[in-house]
S.K.: 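Would you mind keeping the following structure in view while I ask a few things?
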Amino acid sequence: MIEIQNLTKTYGQIKAVDNISFTVNKGEILGFLGPNGAGKSTTMNIITGFIPSSSGKVTVNGCDIMEEPEEVKKKIGYLPELPPLYMDMTVNEYLTFCSELKKVSKKVFRSQMDDIMELVKITHVKNRLVKNLSKGYKQRVGLAQSLLGSPEVLILDEPTVGLDPKQILEIRKLIKALGKEHTIILSSHILPEVSAVCERVVIINKGKIAAIDTPDNLSKSLGDYSRFTITIAGPKNKIVDNLKEIYGVKYLEPQHSGEKEENSFVVEADKEIDVRKPIFHKLSELGYPILELKSLSMSLEDIFIQLTSEEKGEV
Amino acid sequence: MLAILKREIRSYFYSPIAYVLIGLFMLVTAIFFTLTSITYQVADFNGVLSNIEFILMIIIPMLTMRIMAEDRKSGTEVLLITSPTKITDIVLGKYLATFGVFLAMTVISFIFPIILYIFGKPYFAPLAGGYIGFVLIGAAYIAIGLFASALTENQIVAAIITFVALLIIRIIDPIAETLGGVAEIVLKWFSLTTRYEDFNRGILDLSSIVYYISFVAVFIFLTVRIIDKRRWSQG
């Protein structure tokens, strides 16, 4: 659906986007993840045709953005980081203007308008001036704008930034629902959001792609140890001494214990060795019951930090 | 283009700016009308027209300052450029909207010649010529303002650039006369105001009409180029 090949954007000496390539399949929700200034917005601006690339190629459904800009732009709905709203218009007027600008036929617009407003829940504010709306509603109006003319591709640049937790959940749910009919690229620096919504993640750092995979695979493939927390009823020091001796346990970190005689630890162990059984036997030998055992898979957060931090080479 | 045109015209009238500027224009016109036509009891409006042309130097920069700069500042430029509408159409729509407001202003000032027709018999040809010239010179000034507004995202800066440009245009004539010789001929040929004076005397010169229209076209073209160039150089 969207193919990005060797895309580079330079501003003077600075390479904002450095030779990145990836494809987005039809009907997929792709997360675009990176720290601030990694080149997320620049890449999105290039895909939508707002700025041209220095080199490389972007095609949407086989159409090149540089060669057939009008064709490509018709296929894309874009919600930039700052929703592009006219403050002096009412929501209704604004959406009417946008549909004319996007060359959506009047007939299609009339049939869509109510559905879109219903979908993003702005029907009850349609006659209010955009400038009087709260941040969350402005974001929704921006999203409604990107949906006009039902473009095949939706590009959403940090769609949940600045919203309250309830609104964030609503918008995420909405994006998931939209993913059934649209191909979506979603940028974010909020990690749970990406793992909750996206089927595939592109992690970008300093203009380069650090990783592309599903959130699950990313957490599996990275990290050469397994982690879990374990809560044991028993004296802390004795447990530490005994557990450390078990073959395969690499690291043991006591956590804050709530009650006396009830201690939690984070255990890191070699990936190849299942240390849970020997731990169980050892503890039963000692007569300290295991109250809780929970495996900790590497969170996207950890992966993200590992991939984008400076010391990447040494880790 | 039509969508932009409609939006921009509406936008002028949503804010007080159009009302204030039209009011200012009417006030100045009325003052000159009283000072010349009424005081001297002459059924001639061309004197007033040639006098009020100077107020365009104030009105046009204020009318055009927001036209491109505002979109850049508020981020709506992204919406316009990523829509399937061509940049030329966007610029043209915005130009025509401003020109439309200017035209409305001009049409409202017809009230003064109408008063003259009620009480006297002014010649129609110089009046029509004067108005055609007035509209053309206004069109040219708006094109300059449009271009200046595309240069910056600060509306005040845009207004000042336009004002300075119009000031220079107005002092080209005296400069040309002082220089004399070939320089005078060349400068007077390019001068917007010299040609305007011809119209005001009732001379309808086709080449002048073409000159004004070309002037507008060149500045619209330059505006499109500026926007396009900026897309390449910045994010």
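Lettering follows sequence order; numbering is per chain, from 1.
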S.K.: If you count the non-hydrogen atoms of other residues, nucleotides and ligands that lie under 6.0 Å from CD1 in B:Ile108, is the total more than 12?
M.R.: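 Yes.
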S.K.: Please classify the contact of B:Asp228 with chain A as side chain, backbone, both or neither, using a heavy-atom distance under 4.5 Å.
M.R.: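 Contact with chain A involves no heavy atom of B:Asp228 at all.
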S.K.: Which value, rounded to the nearest 0.5 Å, describes the distance between A:Leu82 atom CG and B:Ser74 atom OG?
M.R.: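 Spacing of CG (A:Leu82) from OG (B:Ser74) equals 8.0 Å.
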S.K.: For atom NZ of B:Lys86, decide whether the heavy atoms of other residues, nucleotides or ligands shown that lie under 6.0 angstrom number more than 12.
M.R.: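 Result for NZ/B:Lys86: open.
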S.K.: Verify side-chain contact (heavy atoms from CB on, under 4.5 Å) between B:Leu79 and A:Leu101, making sure each step is shown before the conclusion.
M.R.: CA-CA 9 Å; B:Leu79 177 72; A:Leu101 191 71; 4.0 Å; yes
S.K.: Looking at every non-hydrogen atom in both residues, tell me the closest pair between B:Trp232 and A:Met66 and how far apart they are.
M.R.: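 B:Trp232 and A:Met66 have their closest heavy atoms at CH2-CE, 3.5 Å.
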S.K.: Less than 4.5 Å to any heavy atom of chain B: does that hold for the side chain of A:Pro80, its backbone, both, or neither?
M.R.: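 Interface part for A:Pro80: side chain.
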S.K.: Checking A:Ser146 against chain B: side chain, backbone, both or neither under 4.5 Å from a heavy atom?
M.R.: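 Answer is neither: A:Ser146 stays 4.5 Å or more from chain B.
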S.K.: What part of A:Tyr86 is in contact with chain B, defined as an atom under 4.5 angstrom from a non-hydrogen atom: side chain, backbone, both or neither?
M.R.: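 Both the backbone and the side chain of A:Tyr86 come within 4.5 Å of chain B.
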S.K.: Under the side-chain hydrogen bond (donor to acceptor under 3.5 Å, both in side chains) test, which residues partner A:Asn61, sequence neighbours left out?
M.R.: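 Result, side-chain hydrogen bond (donor to acceptor under 3.5 Å, both in side chains) vs A:Asn61: A:Glu152.
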S.K.: Any non-hydrogen side-chain atom of A:Lys73 less than 4.5 Å from a side-chain atom of B:Ser83?
M.R.: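 No, their side chains stay 4.5 Å or more apart.
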S.K.: Nearest heavy-atom pair of A:Pro84 and B:Gly75: which atoms, and what distance?
M.R.: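 Heavy atoms only, the tightest pair is CB-O, 3.6 Å.
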S.K.: Taking non-hydrogen atoms and a cut-off under 4.5 angstrom, which of residues 6-16 of chain B neighbour chain A?
M.R.: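 When heavy atoms of chain A are the reference, residues 6-16 of chain B contributes B:Lys6, B:Arg7, B:Arg10, B:Ser11, B:Tyr14 within the under-4.5 Å range.
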S.K.: Is the CZ atom of B:Phe221 crowded by more than 12 outside heavy atoms at less than 6.0 Å?
M.R.: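 Atom CZ in B:Phe221 is not crowded, with 12 or fewer foreign heavy atoms closer than 6.0 Å.
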S.K.: Among A:Lys75, A:Glu71, A:Lys74, whose side-chain contact (heavy atoms from CB on, under 4.5 Å) with B:Pro84 holds?
M.R.: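 Of A:Lys75, A:Glu71, A:Lys74, side-chain contact (heavy atoms from CB on, under 4.5 Å) with B:Pro84 is met by A:Lys74 alone.
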S.K.: Under 4.5 Å from any heavy atom of chain A, what part of B:Ile90 do you find: side chain, backbone, both or neither?
M.R.: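 For B:Ile90, neither part sits under 4.5 Å from chain A.
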S.K.: Could you go through the side-chain contact (heavy atoms from CB on, under 4.5 Å) check for B:Leu2 and A:Glu100 one step at a time?
M.R.: CA-CA 8 Å; B:Leu2 216 60; A:Glu100 285 171 11; over 6 Å; no
S.K.: Near B:Phe110 CZ, under 6.0 Å, is it more than 12 heavy atoms from other residues, nucleotides or ligands?
M.R.: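 Above 12, so yes.
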S.K.: Could you tell me which non-hydrogen atom of B:Val78 sits nearest to which non-hydrogen atom of A:Phe50, and how far apart they are?
M.R.: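 Smallest heavy-atom distance, with atoms named: CA-CE1, 3.7 Å.
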S.K.: Atom CD1 of A:Ile46 and atom CZ of B:Arg231: how far apart are they, to the nearest 0.5 Å?
M.R.: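 These two atoms lie 11.0 Å from each other.
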S.K.: Find the one option among B:Thr76, B:Asp71, B:Thr85, B:Ile81 whose heavy-atom pairs under 4.5 Å with chain A are most numerous.
M.R.: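 Counting heavy-atom pairs under 4.5 Å, the top option is B:Thr76.
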S.K.: Which bit of A:Thr48 comes within less than 4.5 Å of chain B, counting heavy atoms only: side chain, backbone, both or neither?
M.R.: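 The answer is both parts of A:Thr48.
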